[in-house]
Amino acid sequence: MKAAAFAYARATSVDDALDLLAVHGDRAKVLSGGQSLMPAMNLRLISPELVIDIGGIGELRGIAMTGDGIRIGALTRHLDLQRSSEIAEHAPLLMEAIAHVGHPAIRSRGTIGGSLAHADPASELPACMLALDATLVVRGKGGERRIHAVDFFLGVFQTALAVEELLVAVELPVAKRGSVHFFREFARRHGDYAIAGLASQAIIAGGTLSDLRLAFFAVGDRPVLAAAASKLVNRTVTPASISEASAALDKELAPYDDQQASGVMRRHLAKVLLVRCVAALLGRPELARAMA
Amino acid sequence: MTGPMPISLEVNGERVDAHVFPRLNLADFLREHLHLTGTHVGCEHGVCGACTVRVNGEIVRACLMLAVQAHGGSVQTIEGLSDSGEVTDLQAAFRDRNALQCGYCTPAMLMAAQDLLNQQAEPSRDDIREHLSGNYCRCTGYQAIIDAVETTARRRRSRAP
Amino acid sequence: MTAPPAKPAPLSVLDRPNSYIGKTVPRPNLDRLMQGRGQYVSDIELPRMAHVVFLRSPHAHAKIVGIDAAAAKRMPGVIAVVTGKELADVVTPWVGVLSHLKGLKSAPQHAIAVDRACWQGEAVAAVVATSRAQAEDAAEAVTVEYEELDAVTDMRTALDPQTPVIHASLGDNLAFERTLDAGAVDQAFSGADEVVEADFIFGRHTGVTLEPRAIVADWNVAEEGLTIYQGSQAPHMVQNIAALHLGLEERQVRVVCKDVGGSFGIKVHIYADEMATYALSKLLRRPIKFVADRVESFNTDIHARDHRCKGRIGIKRDGAITAFEIDDLTGIGPYSMYPRTSAIEANQVVNLVGGPYAAKNYRARARVVFQNKNVMCQYRAVGHPIACSVTEGLVDLAAMRIGMDPVEIRRRNLIADDAYPCGSPSGLRFEKLSHHASLAKLMRMMDYDRLRTEQAELRKQNVHRGIGIASFIEVTNPSAAFYGVGGAKISSQDGVAVRLDAQGSVICHTSITEQGQGSESLTAQIVGSVLGVPMARVRVILGDTDNTPYGGGTWASRGAGIGGEAALQATKALRRNILEVAAAILQATADELDIADGVVVNAADGAVRFELKELARIVYFRPDTLPPGIQPELMATRHYVPREYPFAFTNGVQASWLEVDTDTGFIKLLKHWVVEDCGTIINPQLVDEQIRGGVVQGLGAALFEKCIYDERGQLTNANMADYLVPMSGEVPDIDVGHVVSPTMESELGAKGAGEAGTAGAAAAVSNAVNDALRPFNVTITEIPLTPQVVLTALGRI
C-alpha cells in the first residue's frame, strides 16, 4: 500500500507551521513522529493534500524544570522521555507508562505531542496526562492557550485543539512527597494498544490515600478520570469501600465493543484494574485477592 | 511541493543526493533508489518490524518515515552494519544457533538486537523478548533468536576490558 | 583429520566416518541472508519491468456489470488496465478437483473474475503501471459497477434450501462429502460406560508469511519463453500449470525460486492473481511484478482451518476408549483451490482423528461447503491441528469424566510400541511409531509429577495453572496417493544430480526447494557424508526448473525423506563411479578404496592415495593418461519415490504448562515440550527449530489467530494490528526431545518433521486451559482462547 500523493512542507518555526495550517486547514496534516499518521496514509485511510513536517522546529524540543513543574516540548520523543532523569525523578508514572507505548522503534520516533493530539482512546499518554494533572500548551495565530488535560480529550481522535492550532508543550507538576503511582494495562500482546488500562497517582500518608487520580484508558471514547476515586480517599479502604468505588466506576464508564474486547469485558477489566491499583498503592495485596 | 524534492543524507557512511517524491517512504527509498534491498517490507503499517533501520543512531521503522524526513540525517542499514563489522559476532551467533530460517525478518532482528546490546550489556531473556517484541518472525518461534542474542551478550561481556 | 581405524566396509552410508548425518552443523550460505544480501522476489528488478495492482471486489458476492477504466488509463505511468474478459483470451480458467476425492465438485475459476466476483478481495481488473504507487493511484480511478448478490457466509446454513447456491451449475453449495464407518461404532457407544460429546470450533487462520506473495513474470516474446520468479515450494508444478493455461509447452516455462520469505504452504498453491500476472506479462510483452501488500495478503492468501466439528468418545471405566465419532463441517471459499483442492484438509481430518489410539471403532462424516469468503487450502500441518485438537480434547474429556489422569488414559489407549506394522480404522498404514516411548520421555523431560504438585499448591493460593498433553501422528513423505492418483500433475518423486567439478568440489542439483527449513543444508550434509568430502566443498543448486531434476519440491514434510534419499542414492552412485576411475588409475579394485575428506584413500588403513581434485584434473583434462577403454562418469542422477507406504507416518507428543488469570481471562504460556519421532535425523538443530517454529504457529492458533468475517462476508481484520500473530513476548521456551524410529523404506531412514509442531500445539494448550479451569467446572472447546472467551466461559462476564 503506497500513500496517495501529497505536497510536503518543512515548517521552520511554529509561526511557519501556523501560517500553513491557517491556509490549508483540515486539508493538511501535521507530521510529528509519524507513527500514527504514516500507517493511516499508507493504508490510504487518509489522503491529506499537504503534510506539514514540524520535526525540525527546535523550539518544540526539550524537557526543562520550571519552578514546581516540568515542561516537555511537544516534539519530545518517547525515547527521550525514557532517557530523561527529570522524568525519572519527578514523573515516575510517566516513565513507567512510556515503556508500554508500542515498541522501541516506535518510541524512537513517536512524540508526546503527536500522541496527545492524536488522542487514540486506547493510548497511554492521554490517560497519564489526566493522572498527572497536566496542562497542555497550545498555540494559534492568536496566541497561546493553556488547557487542562481534563478539558483536552473530547472523543475518539478528538481534542480541544483547533484545526489551525499546534500543541507546543505539556506541563506537569512534579510528583509531591509521599507520591505513589500505579500503571497497568491489559493488552493482547506486548506493545499492542490496551484493551483496558489505568494510570494512577496519589499521595499516601498513614495508610490512607489523598489526591487520588484514577485515569482509565481504552474503556471509552476518551480517557476517564474516575470520580469514583472519591470513595477511596481519606479513609481506611476495605473490600466494601472498593465495591462501592467499583459500582461508582461502573456508572462513569461507557466502554465500546471492538474485535479485541466487548464493552462488557472492558467494564469488567476496569474494575479488576481498580482493585489491583488500590491494593498496590496501599501496599495491601490481600485487597486484590479478596475480590477474586 | 508535490514534485520531486532534493534530499541529501548519509547512508552507511556514504553521502547520497537524490530527488524523491514526498510520499516515498524511507524503506522504498533505500530499496528502490539505492538498491539496498536488505531492508525488507512486510506490512507497511508499522507492525511487523521487518523494515527496521537506524536513523541518527536510533532504530526506526523505515515504512513509517518519509525519505524527505531523512534529509540531513544519517541512515544505517543492515548492509552497513554488516560491512562495518558491528554485528559480526551477533551474525555468527545467529548462524551457529540457526536463529534464522527464511531470513526475511533477520536484518531487522539484527538491528533490534544490536540496539538492545548497545543499551544493556546483560539483558535477561525477558529483556531480550521485550526489546524484540515488535519484530515478527514466523519461522523460528523466537527461541533461537533469544538464545543467539543472549550468547552474544555473554561473549561481549567476557571480552570487555 | 585422523585416519579412520582399519575396519571392513561400513554397514551403511550412515556409518561413514566424519558423517554429517546426525550432526548439528550451521547451514551454509546464511551470511548473505544475514547481511541483507539475499534475493527475494520483491528484490528483483528487470529491464522494462512494470508493476501490477489488482482492483479487488469490495463485495463478497456481486455481478460485475461494467468496468470504466478510461480515466485510469490516462493517468501518469499507466501502461494498461485489463479486465477479466480481456485476460481470458490469454489464460484459461481452471477447476480445483481431484478424481480420487469422490464427488468433489467446483466451478471454473478465472485469473481475473469475468462476470461475477465471489469473495471480497477477488480481483476484478488489473492495473499495470511503471510503479506500484502509480498503479494504486490509477486503481482508485477505475469505476466498477456492481450488482450485489446475496452472500453465503455461514457454513452452518450453507446447505439449507433457502440459502442461495453460489454456482447454479453445481446444484448446491456442497463441495465434498466423505463418510467413514469402521468397526461397530453403535455397539461400541452403547457398550461404553460413559459417552462424552463436545462441539469443537476453530478460528479461520492464514499463514501471514513475513514476505507477502510476490512474483515477477517475464515473457520473452522473441524466445517465446516465460520465466517466472516466484517463491514457490513446487516450481515444477507451477511450470506445468502455467504452461497448461497459457497455451505453452512446459519446456517454454522456467520457474526460478531464490530466497523465499516464509511459505508454510501458503506459497505452494496456484493463485488467480499470480496466473493473471503470468498472463499480463505475455499480453504486454514485458516483465510484470506483483507483490501483494499486507491487506491483499490477508484477503487472498489461502485461509485454512475453518471447522466446526462435533466429536464423541466412548469410554469404559477402566479407561479403555471404545469409539470415536466426528461430524466435521468446514466452510471454504467459493472455489476449491487449484490444483491441490480444498477438500484435502477435511479429508485429512477424517483420516487422522483417533490416529494414535488403538480403538478400532470410528465413524466420521466431513462436509466441505462453499462460501463467499476467501479461498481455503493446505497450510502447515493440513488438517492435523483439527484432528489432534478434537481427538486429544475428547480423550481429556473422557479422562475427566471417569476421574482418570490424562497421562494414564493415554497410557492405556495409545497403540503399543510393538504393535507395528498396523493400521488405523480410517485405513492408514503405520510402519513403526513410538507413542509410549515418546510419552515416557515427555514425562521425564517435563517432570510431570512435580508440575502436578506445583499446580495443587498454587491452586490453594487461587493461582490457576494447567498441564495439557497432546499425542499426534503426522503425515510425511507422501507417495502419489496424495495427489497424483487424483490426476494432479504434482510429482511425488524427487531427483538429485551430483557431479564432481574440475577442482574436486561437488556440485549438487536437487529438485526439493528451500524456504528456510534447511533443504540446502540437509542435501549438502548427505552428499558430503556419503561421498566423503567436507560440506564446504559441496554446492547445492535448487529452485530452478531449468537447472534441477524434475521433482515435487518441498511440502507435506517430504524434503528430507524423499529429497534426502535421492541425494543419498545419487551420491552413492557418484562415489562408485569415482572409485572405479580411481581404481583404474591405481590398478586396484574399487572395494579397496574409499573417499575421506576429499581424498581417495585405502579403505583398509586410510592411507592417502590422491586428492579428488587430482582425479578430476585427470578425467576432465588428461583422459589420455587413463587406462584404455574407460569412459569416466563423474556425474550421477538418482530419483526417489516412496513406493510401499502411502505416507511415512511419524508420531509425537506435546505438553503445555500455562497459567490462566481467572480475573482477566489472560493466559500466560509458561513452557512447552515436544517429543518427536521423525526417524533418522540429519541435522538435530534444524529439526528442533522446525518443531519450535511449528509449535509457535500452533500457539498462535490456540490464543490469537482468527480471520474475522462479518455476516456480509467482509474480512474485518485484514491487517497486522487486528489479526494477531504471536510475537516474542507471548511465547515460551520450547524443549524438544526425540525418539528415533527410522523408516526401512529408504536407506536414509528419514521421515519428515516440518509440520509436527503445528499439529499438536493448539491441542496441548486447549487441554492445559481446561486442566487449569477444572476447579471451576468449565470446559472450552473453541480456539482462539481469547481472554473474552475465557471470562465468558467462567461466567465472569
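Just so it is clear: chains get the letters A, B, ... in the order the sequence lines come, proteins before strands, and each one is counted from 1. These figures come from a predicted structure and were not determined experimentally.
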Worksheet item: chain B heavy atoms under 4.5 Å from C:E45: which part of the residue, side chain, backbone, both or neither?
Response: side chain
Discussion item. So, taking the atom named CD1 in C:I681 and the one named CG in C:D688, what distance separates them when rounded to the nearest 0.5 Å?
Written reply: 7.0 Å
Item to complete: Could you tell me the separation between the CZ atom of C:F264 and the OG1 atom of C:T206, rounded to the nearest 0.5 Å?
Response: 11.5 Å
Mind ranking [options] by heavy-atom pairs under 4.5 Å with chain B and telling me who comes out on top?
| options | result |
| --- | --- |
| C:G38, C:P726, C:G262 | C:P726 |
| C:L699, C:V260, C:V208 | C:V208 |
| C:D137, C:V295, C:T209 | C:D137 |
| C:L30, C:V695, C:V291, C:I691 | C:L30 |
| C:D259, C:V725, C:D293, C:V696 | C:V725 |
| C:E514, C:R37, C:R32, C:M727 | C:M727 |

Discussion item. Is it the case that the side chain of B:Q143 and the backbone of C:I734 share a donor-acceptor pair, with hydrogens and angles ignored and the cut-off at 3.5 Å?
Written reply: yes
Item to complete: Give a yes-or-no answer on whether the side chains of C:T513 and C:Q515 include a donor-acceptor pair shorter than 3.5 Å.
Response: yes
Worksheet item: How about C:R213 and C:T300: does a side-chain donor come under 3.5 Å of a side-chain acceptor?
Response: yes
Chain C: which of [options] shares the most heavy-atom pairs with it under 4.5 Å?
| options | answer |
| --- | --- |
| B:L36, B:L132, B:L100, B:I146 | B:L100 |
| B:E44, B:H45, B:H40, B:E32 | B:H45 |
| B:N135, B:V47, B:T106, B:N98 | B:N98 |

Discussion item. Surrounding CZ of B:R159 (heavy atoms of other residues, nucleotides or ligands, distance under 6.0 Å), is the total greater than 12?
Written reply: yes
Is [X] in contact with chain C via its backbone, its side chain, both, or neither, using a 4.5 Å heavy-atom distance?
| X | answer |
| --- | --- |
| B:H131 | neither |
| B:R23 | side chain |
| B:V41 | backbone |
| B:Y104 | both |

Item to complete: Grab the two heavy atoms, one from B:R125 and one from B:D147, that are nearest each other, plus how far apart they are.
Response: NH1-OD1, 2.7 Å
Worksheet item: Is there a salt bridge (charged side-chain N to carboxylate O under 4.0 Å, His left out) between C:K267 and C:E211 once you walk through the steps?
Response: CA-CA 11 Å; C:K267 297 170 185 169; C:E211 180 205 24; 3.0 Å; yes
Worksheet entry | Derivation of the salt bridge (charged side-chain N to carboxylate O under 4.0 Å, His left out) call for C:D43 and C:K258 | CA-CA 10 Å; C:D43 300 335; C:K258 298 190 177 184; over 6 Å; no
